[in-house]
Every structure is written in structure tokens, then in C-alpha cells.
Amino acid sequence: MTSAPLPRVRPRRLRESAALRRLVSETRLDPADLVLPIFVREGSSEPIPISSMPGVVQHSLDSVKGAVADAAAAGVGGVMLFGVPEVRDAEGSGATDPEGILNVATRIVREEAGDALVVQTDLCLDEFTDHGHCGVLDPLGRVDNDATLGRYREMALVQAASGSQLLGLSGMMDGQVAAVREALDDAGFAHTAILAYSAKYASAFYGPFRDAVESTLEGDRRTYQLDPGNRREGLREAMIDIEEGADIVMVKPAGSYLDVLADVSAASDIPVWAYQVSGEYAMIEAAAMHGWIDRRRAVIESVRGIRRAGADAVLTYWATELAGWIRKGEAA
């Protein structure tokens with residue numbers, strides 16, 4: 001009886017030990033490639049837990065300093081600030097008030113962070129409007145794209161003056177990058193960079209985030225956020241934003257849109273980021289609390305998958321914790 005031929009090619013040789021696997025790893029995680037989203041609540045004297053996002057809080061103006069210091073000490077690349085105001089109105093007036101919560105928090109965080117990490121701000125009206133949409137409404141209740149661009153210009157100038165180094169344009173209005181870039185340049189803020197949320201999909205995975213910012217939204221945002229079934233459109237939006245002057249483009253959410261992320265990464269000549277959103281975070285935390293998955297391994301695998309698909313940096317609520325694992329050599 002003739003024995004079967006032994007395999008000549010043995011890929012398993014490169015998996016024989018942890019050291020060898022680490023040496024040939026194609027996708028590595030680094031703390032500098034992580035950005036921590038942070039919520040700051042107006043009028044709060046202490047951190048307030050967000051029930052749908054275990055481990056995440058709405059910070060006070062005092063407690064946010066500690067969160068930023070921890071992130072910087074862990075080597076995290078940046079923080080993205082979101083404001084939660086006490087009062088909202090149809091125009092989102094708090095967004096352009098220099099003493100509004102987001103702008104005050106930005107000044108505090110810049111002072112705390114120094115040059116240790118990049119301080120970034122969310123440039124969108126949804127946290128500040130009483131209707132919860134990302135723009136102002138016309139008389140028929142529709143989001144008015146061009147009127148909203150005017151508000152974005154105003155927001156950009158206030159945020160830049162408050163010290164934001166990178167403005168996160170997340171509203172998905174047509175022409176928002178060009179409008180904000182022009183306003184910044186004309187006002188002497190040519191050094192302020194723009195992160196365009198280019199391929200932002202109308203996703204079911206934003207639910208916990210809306211708890212975090214106490215969203216007042218009724219209805220949905222499907223008239224301006226992308227249809228989850230559209231792949232080419234995500235790439236098209238990113239290319240438009242690059243042409244308009246974006247410094248970085250982003251895909252959001254990350255986990256359900258890795259194909260779009262890969263497309264944008266392959267086509268872009270500027271950095272491409274991805275946002276691992278609140279629902280992605282909450283699912284892993286909930287499954288881990290039930291003992292259904294290994295929490296640390298799931299967190300690492302999820303972020304590594306996003307990086308592998310082409311993200312140069314990842315916004316994730318695990319940024320500081322994950323950075324700590326990486327520095328300790330516990331993220332292999």
C-alpha cells in the first residue's frame with residue numbers, strides 16, 4: 001500500500017510559537033493608531049455612567065481631565081470630543097456659543113493634553129438641536145443642506161478658536177468639506193485639519209451613542225446618511241471629500257462596512273480612518289458579560305480586523321484600555 005505524499009508546502013511552520021507568529025504578523029496594533037471618543041456633559045459635577053455602554057461615561061469638565069491624562073499616558077493618538085448640552089433649540093445655538101459645553105471642554109482638554117495627543121471635536125448639530133437632526137430644518141421639516149453649511153462654517157470657526165486641532169465633520173451634508181475649509185482658511189485657521197466622515201451609513205448600530213448624547217431625534221437620518229446597501233456610493237463620497245480638501249476621510253460604522261473601508265483605503269492618497277461605533281462596542285461588552293465570548297480577545301480581534309481592512313487609525317471606546325494591553329504585550 002502506497003502512503004500518501006507528505007505536504008511539501010507547510011504554512012503552519014510560521015505558526016509554531018508566539019514569538020514566530022508575532023514576527024510574521026501582517027497587521028500590528030499601536031496605541032498611536034487609536035482615538036478615544038469622549039462625552040462631556042454640561043452641568044455635571046461627576047461622571048455619569050451610560051447604561052447601554054458599560055464602562056463609558058458622560059464626563060464632567062473636571063473628570064474629563066483625568067480621562068485625557070490616562071489616554072495620553074497610554075500613548076493613545078487622540079481624543080474626539082462630543083458635547084452634551086443642557087438646553088437645545090432648533091438652530092443648535094449651543095454649538096456656536098464660545099461658552100457652550102463642547103467649546104469649553106475643548107479649551108480645557110487642550111490645556112490638559114498639551115502636545116501629548118491630538119484634540120479633535122465633533123462638528124455636527126445633532127447634539128445641540130431640539131429635533132435631533134444634523135442640520136437646520138426648512139419650513140417643511142426637511143434638513144436644509146445649504147442653510148446647514150452656514151451653521152457648520154460658524155461651528156468650525158468657534159471650534160478652531162477653542163483649540164481643536166482636527167474638526168470631525170460628521171453631518172453628511174453635501175459640500176460640507178469645501179464650505180468648512182474655505183471658512184477656516186479665510187479666518188486664518190489654515191493649520192486646522194479636517195476629518196471628513198465621508199462614508200457614514202444610516203446604521204442601526206448608533207443606538208447607544210444616542211443615549212450617550214441624550215439625542216432628541218424622532219424619525220431617522222436616511223435622507224443624508226448612506227444606504228447600508230450601497231458600496232460604490234461610500235467610495236464616491238470619500239473621493240468627493242478628498243477633492244474638496246479633506247485631510248483625512250472616515251468610514252462609519254467600521255465592522256459592518258469593512259468592504260467599503262477596503263475600497264476607500266485602496267483608492268485614497270490621504271489617511272483613512274474608521275469609527276468602531278457604540279453598537280459594536282455594546283455587543284461585545286454584553287456578550288462578554290454573559291460569558292459567551294472572551295472579552296479581551298474579541299476586542300483585540302475586532303480592532304485588528306478594522307486595521308487589516310485598511311484603517312490607518314480607529315476611533316474606539318476601548319482606546320485607552322487597548323493601548324494599555326498593547327504596551328504590556330498583551331494584545332498578541
Side-chain angles (χ1 to χ4, degrees), residues 35 37 80 82 122-127 129 131-138 141-149 151-152 167-181 194-210 213 215 217-268 270-281 283 302 305-306 309-316:
V35 176
M80 174 64 77
F82 297 87
D122 179 58
L123 197 157
C124 192
L125 286 172
D126 60 323
E127 297 110 278
T129 55
H131 47 73
H133 276 289
C134 298
V136 295
L137 305 183
D138 68 15
R142 301 170 301 191
V143 174
D144 188 326
N145 190 98
D146 296 357
T148 298
L149 295 183
R151 295 290 292 134
Y152 285 2
L167 308 184
L169 277 59
S170 62
M172 289 300 292
M173 296 296 116
D174 292 341
Q176 63 184 14
V177 172
V180 168
R181 184 73 271 160
I194 291 176
L195 162 64
Y197 287 51
S198 299
K200 182 177 181 181
Y201 284 82
S203 172
F205 292 106
Y206 301 143
F209 176 90
R210 292 175 183 170
V213 297
S215 174
L217 178 68
E218 294 184 7
D220 57 54
R221 298 178 176 139
R222 296 186 184 188
T223 62
Y224 45 102
Q225 294 179 353
L226 297 182
D227 184 326
N230 291 0
R231 178 173 177 171
R232 293 191 301 270
E233 189 177 21
L235 176 59
R236 181 186 184 218
E237 288 275 8
M239 294 300 100
I240 291 170
D241 286 346
I242 292 172
E243 179 66 24
E244 290 186 3
D247 299 287
I248 304 168
V249 291
M250 188 154 71
V251 175
K252 178 181 180 182
S256 296
Y257 298 91
L258 297 180
D259 56 339
V260 179
L261 175 57
D263 290 346
V264 175
S265 177
S268 175
I270 65 173
V272 178
W273 291 7
Y275 197 142
Q276 187 176 44
V277 301
S278 58
E280 297 174 79
Y281 173 91
M283 286 193 300
S302 67
I306 296 165
D312 298 299
V314 181
L315 277 74
T316 175

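All heavy atoms count here, side chains included; hydrogens, waters and symmetry mates do not.
In this structure, G132 and D126 approach most closely via the heavy-atom pair O-CB, 3.5 Å. Minimum interatomic distance between D241 and A196 (heavy atoms only, all atoms of both residues): OD2-CB, 3.5 Å. Listed here is the closest heavy atom pair of Q276 and S302: NE2-OG, 2.9 Å. Between T316 and P37, the shortest heavy-atom distance links the atoms O-CD, 3.3 Å. Nearest heavy atoms, L226 versus A199: CD1-CA, 3.7 Å. Residue S268 comes nearest to I242 through the heavy atom pair OG-CD1, 3.6 Å, listed as atom of the first residue, atom of the second, then distance.
At least one side-chain heavy atom of V264 sits less than 4.5 Å from a side-chain heavy atom of V249. You'll find the side chain of V143 reaches within 4.5 Å of the side chain of L137, heavy atoms only.
A salt bridge links D263 with R231: at least one charged nitrogen is closer than 4.0 Å to a carboxylate oxygen.
Each of N145, T148, L169 was compared with Q176 under the side-chain contact (heavy atoms from CB on, under 4.5 Å) criterion, and only L169 meets it.
The OG atom of S256 sits 4.0 Å away from atom CZ of F205, with the distance rounded to the nearest 0.5 Å. One finds the CG atom of D122 at 4.5 Å from the CZ atom of F82 (value rounded to the nearest 0.5 Å). We find the OH-SG distance between Y152 and C134 to be 5.5 Å, quoted to the nearest 0.5 Å. Summarising the geometry, atom CZ belonging to R181 is positioned 12.0 Å from atom CD belonging to E244; distances are rounded to the nearest 0.5 Å. Remark: D227 CG to R222 CZ distance equals 8.0 Å, nearest 0.5 Å. Separation of atoms CE (M172) and OH (Y197) is listed at 12.0 Å; rounding is to 0.5 Å.
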Pair L125-V136, side-chain contact (heavy atoms from CB on, under 4.5 Å): steps then yes or no: CA-CA 8 Å; L125 286 172; V136 295; 4.3 Å; yes
Worked check of side-chain contact (heavy atoms from CB on, under 4.5 Å) between L167 and V180: CA-CA 9 Å; L167 308 184; V180 168; 4.3 Å; yes
Show your working on side-chain contact (heavy atoms from CB on, under 4.5 Å) between Q225 and Y201 and close with a plain yes or no. CA-CA 5 Å; Q225 294 179 353; Y201 284 82; over 6 Å; no
Test V314 against W273 for side-chain contact (heavy atoms from CB on, under 4.5 Å), laying out the working first. CA-CA 6 Å; V314 181; W273 291 7; over 6 Å; no
Passes salt bridge (Lys or Arg N to Asp or Glu O under 4.0 Å), D144 versus R151? Steps please. CA-CA 11 Å; D144 188 326; R151 295 290 292 134; over 6 Å; no
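Remark: L258 pairs with L261, I306, A309 by the side chain to side chain contact (heavy atoms under 4.5 Å, CB included) rule, at least two apart or across chains. Listed by chain and number, the residues in a side-chain hydrogen bond (donor to acceptor under 3.5 Å, both in side chains) with Y257 amount to none (sequence neighbours excluded).
The backbone N or O of S170 sits less than 3.5 Å from a side-chain atom of K200, completing a donor-acceptor pair. For N230 (side chain) and E233 (main-chain N/O), no donor-acceptor pair under 3.5 Å exists by modelled atom type. With hydrogens and angles disregarded, a donor-acceptor distance shorter than 3.5 Å links the side chain of E280 to the backbone of G255. Side chain of H131 to main chain of H133: a donor-acceptor pair is present (N/O by atom type, distance under 3.5 Å, no hydrogens or angles). Judged by distance alone, with hydrogens and angles left aside, the side-chain atoms of S198 form no donor-acceptor pair with the main-chain N or O of A238 at under 3.5 Å.
No hydrogens or angles considered: nothing links the side chains of E127 and S215 as a donor-acceptor pair under 3.5 Å.
Cation-pi contact between K252 and Y206: present, with separation from the ring centre below 6.0 Å and deviation from the ring axis of at most 45°.
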